[in-house]
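The next block holds one structure in the form of structure tokens; read it before the comments.
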Amino acid sequence: MSVLSGKKIVLGISGGIAAYKTASLVRLLVKAGAEVRVVMTPSAKDFVTPLTLSTLSKNPVFSSFYNDDEKEADSSRNGEQALAQWNNHVELGLWADLMLIAPATANTLSKMATGNSDNFLVAVYLSAKCPVYFAPAMDLDMYTHPSTLGSFQRLQQFGNVMIPAESGELASGLIGQGRMAEPENIVSFLESDIASKLPLKGKKILVTAGPTYEAIDPVRFIGNHSSGKMGYDIAKEAASAGAEVILVSGPTHLTLQKSGVEVIRVTSAQQMYEACHAHFADVDVAVAAAAVADYRPKKAADQKIKKTAAEFAIELEKTQDILASLGQIKQSQYLIGFALETENEIANAEQKIRKKNLDLIVLNSLRDQGAGFGHETNKVTFIDKDFNRESHDLKSKEAVASDIIHKIIAHYA
Ligand code: CTP
């Protein structure tokens with residue numbers, strides 16, 4: 001999945017011949033999973049129509065501070081004073097996760113560099129708090145003019161990222177640098193630049209998820225109701241933040257196909273223990289979200305057990321505590337565990353931090369409505385190794401996963 005998936009992108013189009021390529025650009029961004037809103041300078045409309053771009057982006061296209069169409073419709077309807085609709089550049093600027101100006105003409109770049117917001121595109125640019133990329137397009141001599149080079153430099157000093165123009169035949173017939181980067185190249189530039197700046201880039205994270213099944217005989221087992229959702233959401237969020245993830249999953253119907261995530265499927269606590277220990281030395285962080293069976297049948301029967309006896313007992317033995325065993329051998333790894341409690345929640349969780357040598361514990365109480373097994377939501381309290389507490393409201397497991405990932409990011413910040 002592309003890192004652009006789910007991103008809200010404002011595409012600013014200024015008036016150069018390369019604007020005709022923005023139809024492909026919008027399609028590629030949408031195909032990568034982004035939501036695109038297009039902003040055009042008035043002269044960009046001479047090169048590509050708003051209708052084309054609104055159709056491809058499935059969103060209205062903005063090009064002025066007020067909506068012209070609205071004005072005309074209102075005045076023809078009743079002959080009264082037109083009520084033009086104000087297009088809010090601040091809202092659009094703040095909506096965006098990313099702003100891309102392509103093509104960026106010498107004129108628009110100069111306005112951006114000097115803050116001359118006499119058009120809607122530059123006003124949105126000045127309001128945007130997100131990363132801004134610009135893909136210049138202009139003729140050879142304009143591209144190398146000291147004035148243009150000054151705009152490039154100034155905008156990059158502001159933290160904006162330049163997607164350099166490509167070389168080739170230009171609209172004027174001249175040959176050289178100035179052609180807007182091809183839409184495919186712009187998209188791959190964005191993808192690799194974003195990926196390289198993700199907060200957990202270069203970090204490796206081990207996550208355990210789901211229940212474990214402890215065999216009684218070839219057809220029966222001791223298990224629990226864990227769905228695995230919490231662990232899978234943590235793995236997903238970690239990968240979205242740029243981490244390389246090893247997800248050791250007990251039996252669950254969930255699947256996760258995401259670049260950066262390797263899923264290792266196991267059944268029993270012993271198999272989960274072995275998979276975790278095979279990888280722990282290589283990881284920076286481990287999050288134990290699995291509901292590991294604490295006990296297993298001392299001996300699993302080789303054949304299916306027949307119902308002959310009136311009473312039947314299974315002798316159980318303790319499984320290994322995977323998290324505690326990782327706590328014992330950890331070097332620099334940041335170790336996160338979960339605690340699901342029904343009483344004396346804080347005291348029990350703090351005891352687990354000490355006993356298992358954790359850096360952070362995620363406590364959820366079965367006394368809280370909507371928390372724990374089988375729910376789409378969870379209500380957690382974070383307690384760190386110094387016993388600092390942070391209580392969160394009831395939220396979706398995705399949101400809890402995101403909070404956990406933010407704790408990890410903060411640890412490395
Ligand atoms: N855990 C583990 N291996 C086990 C048991 C638990 O890795 N054999 C991990 C869980 O993934 C969780 C944490 O330990 O992160 C807490 O598990 P929990 O079952 O709540 O605590 P226990 O230590 O088993 O204690 P108790 O059941 O007595 O509350």
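Start at 1 and go down the list; that is how both ligands and their atoms are numbered. Only a predicted model underlies this, so the values are computations on that prediction, with no experimental measurement involved.
In this structure, Q320 is part of the shell of residues with a heavy atom less than 4.0 angstrom from ligand 1. Ligand 1 does not have M272 within reach: every non-hydrogen atom of the residue lies 4.0 Å or more from it.
Within ligand 1, counting atoms from 1 as listed, the ones closer than 4.0 Å to a heavy atom of G337 are 15 (O). Close approach of ligand 1 to T319 (heavy-atom distance below 4.0 Å) involves ligand atoms 8 (N).
Summarising the contacts of atom 11 (O) of ligand 1 with A293, S325, A290, the nearest heavy atom is found in A290. Heavy-atom proximity to atom 24 (O) of ligand 1, evaluated over V287, D294, T208, L363, is greatest for D294.
Nearest heavy atom pair, residue L149 against residue Y143, reads CD2-O, 3.5 Å.
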Could you go through residues 18-25 and list every donor-acceptor pair under 3.5 Å that involves a side-chain atom there, pairing it with any protein atom two or more places apart or in another chain?
residue, atom, partner, partner atom, Å
K21, NZ, E182, OE2, 2.9
T22, OG1, A19, O, 2.5

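By the criterion of a heavy-atom distance under 4.0 Å, the side chain of K352, and not its backbone, is placed next to ligand 1.
Considering backbone and side-chain atoms together, F338 places an N or O closer than 3.5 Å to an N or O of ligand 1. Residue A288 has at least one N or O atom closer than 3.5 Å to an N or O atom of ligand 1. Some N or O of I322 is nearer than 3.5 Å to an N or O of ligand 1, by distance alone.
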